[in-house]
Amino acid sequence: MKWTTANLKHANYTAKHELFVGTHTGSFKHLLPALEKNPYIQSNLTDVAALDKDSRVTALAFGNEAQTEILLGRAKNVAEVHSLGVSGASSMRHINVAAAPIVGLARYNNKLIAGFSNGKIQTMSLDALEEEESAAEPILIATGDHMDHLRQCSTARQIVATGGKARQNNLKVYDLSDDGKQIFSSKNLPNDYLQLEVPVWDSDIGFVDGPSVLATCSRHGYVRLYDTRKQRRPVAHFASEEHGMSFASLVAYNHYIYTGTTMGVLKAFDTRRMKTHVHTYKGFTGGISDLHLDETGKYLSSASLDRYVRIHDADSTVLLYQCYVKSKATKVLINQLPQQRQLSEDDNEAEAEVQKHKSIKNKRESKAAPLDAEYEDMFEQMATVGDSDDEAAEQQTTVAQKRKTTTQSQKAKKKK
């Protein structure tokens, strides 16, 4: 498909997905690419009038395995828990946290885990918050003095990983079931040929194969693969030789790692050969701020600072969906639309189509309807004007004479 800045949907894109998008202005949008008639329609899940300059969405994650709960973090010390209903309606709950901005959110055993940019992790019991118990104070875990991202493992939800800028804030893994005990801390590569320390900046983290294999990307232009069962140093890594290659976001699935850069380049790496990338995805005009894969790993969604959200085919790299969201997109989630909501959305779309046809029909009838009843009655009472019998006979004679003259001229031409 040719590069374009217009909203588009590929003809072969028939998957039933929904998108949740957080923006730089703080709006939280819901998109339905599954709709056939208008797949670019957007709805705000938060009150736009209540947003301020610190409402920027900085963290977005699903709160449970059923993906019916969304955790949203902002640049201020307030987290939001959105519960999605079967009919598509959502309920929201505000939770005050210890610091800001929030760089990662997770939920485990009815506890909310929040990571902050100052390097702290806060664990709060949601039951205690509901009962408003002042005795239950949150637990704080210190990971360093800076944090760029906190990521929860989807297969082992008691495992979370953190990463940030500088060596003291490198990749660390914690077990929430053991009171937040640190179970792994990465080690940097050996010094370079000048015996200088290799710069470290783990800007994003992803779990590749369960809780033991992790991948990190860096603003310094490298992608590293760790196996916590083998060693602290990376088991494989890729270092970009291009000047200015700065990786900002990462997501992993099976043997593939997908990374987005601040220059609008999206690449895929195979963990079995990290020498170079295996795929490049096109269509971006701004830095890629976030990536997310659906449950099957086939559809790759991305949020970009060019104010577009996109869905690519992870295998063929084809751009399947693109939508303009009016603000710089900072976070994105893709989810399979539940079957019950698919039926309700189809019914709503069919009902909207019926209402549209009815409105068009009513407009036509209104145009054809009489504007003045007295004017119409006057015409109905007037006598019908028609041709008399003599005039009709004269017209028939004239037509017969014309036909006779035409046939005679044709016969004369044939004789000549």
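Since this is a predicted model, take the numbers as computed values, not measurements.
- For Y222 and D202, the side-chain atoms include at least one donor-acceptor pair closer than 3.5 Å.
- Among all heavy-atom pairs drawn from F116 and Q122, the shortest one is CZ-OE1, 3.3 Å.
- Remark: K172 NZ is packed, more than 12 non-hydrogen atoms of other residues, nucleotides or ligands lying under 6.0 Å away.
- Side chain to side chain, N188 and R224 meet the donor-acceptor criterion of an N or O pair below 3.5 Å.
- Applying the side chain to side chain contact (heavy atoms under 4.5 Å, CB included) rule to S177 yields the partners Y108, Q158, D175; only residues at least two apart in sequence or on another chain are considered.
- Side-chain atoms of R74 and N77 include no donor-acceptor pair closer than 3.5 Å.
- Between Y13 and Y321, the ring-plane angle classifies as tilted under the 30° and 60° cut-offs.
- There is no side-chain donor-acceptor pair under 3.5 Å between D313 and T317.
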- Query: Going through the distances and angles, do I121 and T143 end up as a side chain to side chain contact (heavy atoms under 4.5 Å, CB included)?
  - Reply: CA-CA 7 Å; I121 299 177; T143 66; 3.6 Å; yes
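- Defined by atom type and a distance below 3.5 Å, a donor-acceptor pair is missing between the side-chain atoms of H82 and E69.
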- Step-by-step side chain to side chain contact (heavy atoms under 4.5 Å, CB included) determination, V213 to L225: CA-CA 7 Å; V213 183; L225 185 68; 3.7 Å; yes
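- Using a 4.5 Å heavy-atom cutoff, the side chains of N169 and V200 are not in contact.
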